[in-house]
Amino acid sequence: MDGARAERILAAVRAIPEGWVRTYGDLEPRAPRLVGRVLRETDEDVPWHRVVRADGSLAVGGEQRARLRAEGVPIRGDRVVLAQARLPLPPGEHLEPGEAPG
DNA sequence: AGCGTGACAATTA
DNA sequence: ATAATTGCCACGC
């Protein structure tokens with residue numbers, strides 16, 4: 001593997017349920033570009049198409065959009081409707097010190 | 001240790 | 001709403 005981060009990212013991507021999406025920033029708030037790097041490098045069967053940009057736009061394009069539509073992900077034009085398709089932050093995800101739940 | 005690059009993100013105009 | 005800037009972090013040379 002390229003690094004422990006890569007594995008953690010792949011695991012998070014694999015955890016995205018069908019019909020839902022998550023943003024690069026959600027997976028790695030401090031290094032969203034690393035997510036794309038990993039998804040591009042890996043040959044695993046991860047659902048890479050379920051990872052979209054913070055504004056709902058797609059990074060890959062055609063194939064990604066087709067796959068998302070096939071899963072029932074709400075899409076408006078060329079952007080995913082994050083308000084409906086964005087997976088809520090699972091409990092226990094990189095919660096930064098200071099963002100304590102209370 | 002510096003430089004350039006990137007499946008990004010938030011701001012500003 | 002879009003376009004251009006700036007900031008960010010990690011990777012490879």
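All figures in this text were calculated on a predicted structure; none of them were measured in a lab. Residue numbers begin at 1 in each chain, while the letters A, B, ... track the order of the sequences.
Nearer the 5' end of DNA chain C, as judged by each residue's closest nucleotide, is the contact made by R33(A), out of R5(A) and R33(A). Residue order along DNA chain C, read from the 5' end via each residue's closest nucleotide, puts R76(A) first among R76(A) and L34(A).
Rounded to whole Å, atom C1' of dC8(B) lies 14 Å from atom CG of L58(A). The distance from atom CD1 of I9(A) to atom P of dA7(B) is 14 Å, rounded to the nearest whole Å. Across the protein-nucleic acid pair, E44(A) atom CD and dA7(B) atom C1' stand 17 Å apart, rounded to whole Å. Residue R40(A) contributes atom CZ, which lies 15 Å from atom P of dT5(B) at whole-angstrom precision. Remark: P of dA10(B) and CG of D26(A) are 9 Å apart, rounded to the nearest angstrom. Taking atom CG of residue D55(A) and atom C1' of nucleotide dA9(B), one finds them 9 Å apart after rounding to whole Å.
With the 3.5 Å cutoff on both pairing distances, Watson-Crick and G-U pairs in DNA chain C assemble into runs of at least 3 at B:2-6 with C:9-13, B:8-13 with C:2-7.
Here the CZ atom belonging to R86(A) is positioned 11.5 Å from the CD1 atom belonging to I16(A), to the nearest 0.5 angstrom. In this structure, NE2 in H49(A) is found 11.0 Å from CG in L39(A), a value given to the nearest 0.5 Å.
The phosphate of dT2(C) has OP1 or OP2 within less than 4.0 Å of a side-chain N or O from R79(A). Regarding contacts with the backbone of dG6(B), every side-chain N or O of R37(A) stays at 4.0 angstrom or more from both OP1 and OP2.
Side chain of A31(A), nearest nucleotide from dC9(C), dA9(B), dC11(C): dC9(C). The nucleotide whose nearest atom lies closest to any side-chain atom of R30(A) is, among dG6(B), dA7(B), dC9(C), dC9(C). Counting only heavy atoms from C-beta on, V60(A) has its side chain closest to dA7(B) among dA10(C), dA7(B), dA9(B).
Counting heavy-atom neighbours within 6.0 Å of R40(A) CZ, excluding the residue itself, gives a total of 12 or less. Within a 6.0 Å sphere centred on CG of D45(A), heavy atoms belonging to other residues, nucleotides or ligands number 12 at most.
R53(A) comes within contact range of the sugar-phosphate backbone alone, with a heavy-atom separation under 4.0 Å but no base atom that close.
dC13(C) and dA7(B) are spaced 22 Å apart, taking the C1' atom of each and rounding to whole Å.
Ion pair R67(A)/E63(A) flagged as a salt bridge, since at least one NZ, NE, NH1 or NH2 atom sits closer than 4.0 Å to an Asp/Glu carboxylate oxygen.
Side-chain contact between V60(A) and W48(A) is present, with at least one heavy-atom pair separated by less than 4.5 Å.
Checking each of Q64(A), E18(A), R14(A) against R50(A) for a side-chain contact (heavy atoms from CB on, under 4.5 Å) leaves exactly one that passes, namely E18(A).
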